[in-house]
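One structure is given below, encoded as structure tokens.
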Amino acid sequence: MWIALVDCNNFYVSCERLFKPALEHQPVVVLSNNDGCAIARSEEAKQLGVKMGTPEFMIDSIIKNKIVKCSSNYPLYGDLSSRVMKTLSSFVPQIEIYSIDEAFLDMTDMDIMGLHDTGVMIRNTVKKNIGIPVSVGIAPTKTLAKMANRYAKKMLREIGVFHASDEKIINQMLSYTRVEDIWGVGRQYAELLQRHGFLTAFDLKNAPEEWMRKNMTVQGQRLQNELKGIPSIEWQFVSKTKKNICTSRSFGKLLTDKTIIQQAVCDYTASCAFKLRKERTCAKSIAVFVQTNPHRKDDVQYVRSIIVQLPSPSNDTSVLIKQAIKGFNIIFKDGYKYMKCGVEVHGLVPETQVQLNLFELAETEKKKKLTKTLDTVNRSLGKNLVKYAVQSSENKYKLRADYLSKRFTTNFDEILEVNL
DNA sequence: TCTGGGGTCCTAGGACCC
DNA sequence: TCTGGGGTCCTAGGACCC
């Protein structure tokens with residue numbers, strides 16, 4: 001089996017550059033929600049020492065005025081992503097979209113002109129059609145394809161394609177790759193592995209199976225098999241239905257006022273309810289959490305969450321808001337400076353599976369019509385103008401987005417972006 | 001002054017049932 | 001004095017991903 005992992009280079013930065021060619025060859029970062037920290041960096045920005053997750057104020061303190069900052073613009077990235085994915089789909093029978101900027105391609109039947117050349121063709125076509133640069137890694141398993149992709153970026157920058165085509169080449173790649181750079185090995189496991197003398201992916205491939213199982217659970221076993229060239233991660237051509245849905249945000253500034261925070265909780269609940277309806281699922285329970293800013297060492301800290309069971313599974317905004325407020329009232333305490341709150345819905349079941357008694361049924365039909373109308377109106381306006389009374393009518397917890405680019409390819413309204 | 005948001009999978013341990 | 005065992009469901013928490 002041959003698997004390709006196609007990955008857009010510095011995706012968010014590449015999207016911004018597409019519409020602002022002057023950013024080409026400039027150090028550019030894209031900032032997270034709230035303009036909090038860097039979540040995408042151009043090569044030039046990486047060379048200036050900007051790390052993933054560097055807070056904006058630290059970027060300023062090191063290299064003020066040398067770098068272009070963009071607020072993140074998810075509608076734009078989402079639209080370009082689907083165009084890239086559509087182009088990739090034209091090459092192979094099926095692709096697995098792994099994230100906004102990555103997809104796995106089953107290349108097993110593609111070996112007509114040689115897999116390396118096929119990879120080059122894919123890369124050139126995406127660049128020509130969409131304008132986004134991509135890298136391609138081809139190998140016998142997903143984990144090795146990820147590694148090959150990274151190798152292409154690091155070692156074969158100009159070509160941007162690497163085919164790990166036989167055992168000798170794969171072993172070279174494994175020896176080159178340090179454990180902390182393997183897909184599936186995070187900081188904790190990397191430290192553990194290094195302590196035990198496993199430094200490269202090649203070491204890990206040859207580690208005792210017993211040890212892997214004992215210290216890294218079944219995931220470690222799977223990972224080791226993948227490194228040995230035995231595919232152990234299933235294809236996922238159709239996206240699974242979600243198991244949890246979450247909406248949470250940091251506030252633009254620290255908040256103490258219960259009413260304003262409750263409005264945020266209600267807005268995020270409405271957002272979760274909308275996502276549930278889009279997925280055609282209902283939630284069994286809803287969790288609410290609030291927290292202070294852990295980075296402010298001098299402030300008194302408070303973090304709390306609560307799970308509220310719903311009377312019956314629901315995706316109705318008013319039902320969810322009612323329960324969310326109930327939970328919020330239990331966990332909220334005066335006297336703290338809050339930085340963030342969020343809402344998470346759990347135990348999702350298909351809409352069609354929800355059992356109701358007759359009384360509930362009659363009520364639900366009425367509510368469904370109301371909800372459908374609200375969704376339709378809000379969608380056609382391109383923003384959430386129509387709301388329940390407990391939601392916010394103005395942005396008292398508004399997020400910052402000082403460097404926002406225009407929505408070049410979509411009709412989304414500015415307000416949708418900054419409001420939620 | 002200023003530090004993201006949205007997910008997944010796995011395991012352990014408790015509650016409960018027979 | 002001796003005090004089962006297996007199964008399921010749920011939740012919390014850890015680790016990881018982009």
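Naming: A, B, ... by sequence-line order, numbering from 1 per chain.
- Ring-plane geometry between A/Tyr12 and A/Tyr77 is classed as parallel, the angle between the planes falling under 30 degrees on a 0 to 90 degree scale with a further cut at 60.
- For A/Leu254, taking side-chain heavy atoms from C-beta onward, the closest of the listed nucleotides C/dC18, B/dG5, B/dC2 is B/dC2.
- Atom CG of A/Asp101 is separated from atom P of B/dG5 by 19 Å (rounded to the nearest Å).
- Taking the side chain of A/Lys146 as heavy atoms from C-beta on, and the options B/dG7, B/dG4, C/dC18, the nearest nucleotide is C/dC18.
- Residue A/Met58 qualifies as open at atom CE: its count of foreign heavy atoms under 6.0 Å is 12 or below.
- Rounded to an integer number of Å, the gap from A/Phe289 CZ to B/dG7 P is 12 Å.
- Residue A/Tyr98 contributes atom OH, which lies 18 Å from atom P of B/dG6 at whole-angstrom precision.
- For A/Asp101 and A/Ser81, the side-chain atoms include no donor-acceptor pair closer than 3.5 Å.
- A donor and an acceptor atom, one from each side chain of A/Lys46 and A/Asn10, are located under 3.5 Å apart.
- Using a 4.0 Å cut-off, no side-chain N or O of A/Thr247 falls inside it from OP1 or OP2 of B/dG5.
- The side chain of A/Asn293 contributes an N or O atom lying less than 4.0 Å from OP1 or OP2 of B/dT3.
- The residue among A/Gln236 and A/Gly36 whose nearest nucleotide of DNA chain B is located toward the 5' end is A/Gly36.
- Taking atom C1' in both B/dC16 and C/dG4, one finds a spacing of 15 Å when rounded to whole Å.
- Considering only the side chain of A/Lys243, B/dT8 comes nearest among B/dG6, B/dG7, B/dT8.
- Listed by first then second residue, pairs satisfying ring-ring contact (aromatic ring centres under 6.0 Å, His included) with a partner in residues 287-314 of chain A read A/Tyr302-A/Tyr336, not counting sequence neighbours.
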Which pairs, protein N/O on one side and nucleotides 10-13 of chain B N/O on the other, fall under 3.5 Å?
{"from": "B/dC10", "atom 1": "OP1", "to": "A/Arg222", "atom 2": "NH2", "distance (Å)": "2.2"}

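- Residues from residues 179-200 of chain A that place a heavy atom under 4.0 Å from any atom of DNA chain C, listed by number: A/Ile182, A/Trp183, A/Gly184, A/Val185, A/Gly186, A/Arg187, A/Gln188, A/Tyr189.
- Residues forming a ring pair (Phe, Tyr, Trp, His ring centres under 6.0 Å) with A/Phe237 (at least two apart in sequence, or on another chain): A/Trp235.
- Residue pairs meeting the salt bridge (Lys or Arg N to Asp or Glu O under 4.0 Å) criterion with at least one partner in residues 193-216 of chain A, sequence neighbours excluded, are A/Glu209-A/Lys228.
- Close to B/dG5, at under 4.0 Å from its OP1 or OP2, lies no side-chain N or O of A/Lys275.
- The ring pair (Phe, Tyr, Trp, His ring centres under 6.0 Å) test applied to A/Phe104 returns A/Tyr98, A/Trp183, not counting sequence neighbours.
- Partners of A/His346 under the side-chain hydrogen bond (donor to acceptor under 3.5 Å, both in side chains) rule, at least two apart in sequence or in another chain, are A/Glu344.
- Summarising the local packing, NZ of A/Lys284 is surrounded by 12 or fewer heavy atoms from other residues, nucleotides or ligands at distances under 6.0 Å.
- Summarising the geometry, the separation between CG on A/Asp7 and P on C/dC18 is reported as 9 Å, rounded to the nearest angstrom.
- Shown here is A/Arg277, whose CZ atom has more than 12 heavy atoms of other residues, nucleotides or ligands within 6.0 Å.
- When heavy atoms are screened at a 4.0 angstrom cut-off, A/Ile307 is found touching the sugar-phosphate backbone but no base atom.
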Strand DNA chain C as a dot-bracket string - pairs counted if Watson-Crick or G-U with both distances under 3.5 Å, | where the partner lies in another strand: ....||||||||||||||

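- By the side-chain hydrogen bond (donor to acceptor under 3.5 Å, both in side chains) test, A/Lys154 is found to be paired with no residue, residues two or more places apart in sequence or in another chain being considered.
- Look at OH on A/Tyr12: it is 12 Å from P on B/dG6, rounded to the nearest Å.
- Among residue pairs with one or both ends in residues 127-141 of chain A, none qualify as salt bridge (Lys or Arg N to Asp or Glu O under 4.0 Å); sequence neighbours excluded.
- Taking atom NZ of residue A/Lys240 and atom P of nucleotide B/dC9, one finds them 5 Å apart after rounding to whole Å.
- For A/Arg296, whose side chain is taken as the heavy atoms from C-beta onward, the closest listed nucleotide among C/dC18, B/dT1, B/dG4 is B/dT1.
- Here the side chain of A/Lys242 is nearest to one of C/dC18, B/dT8, B/dG4, namely B/dT8.
- Remark: C1' of B/dG6 and CG of A/Asn244 are 10 Å apart, rounded to the nearest angstrom.
- By the salt bridge (Lys or Arg N to Asp or Glu O under 4.0 Å) test, A/Asp60 is found to be paired with A/Lys69, residues two or more places apart in sequence or in another chain being considered.
- Atom CD1 in A/Ile100 sits roughly 19 Å away from atom P in C/dC17 (whole-Å rounding).
- Contacts with DNA chain B (heavy atom under 4.0 Å) in residues 331-350 of chain A: A/Lys340, listed by number.
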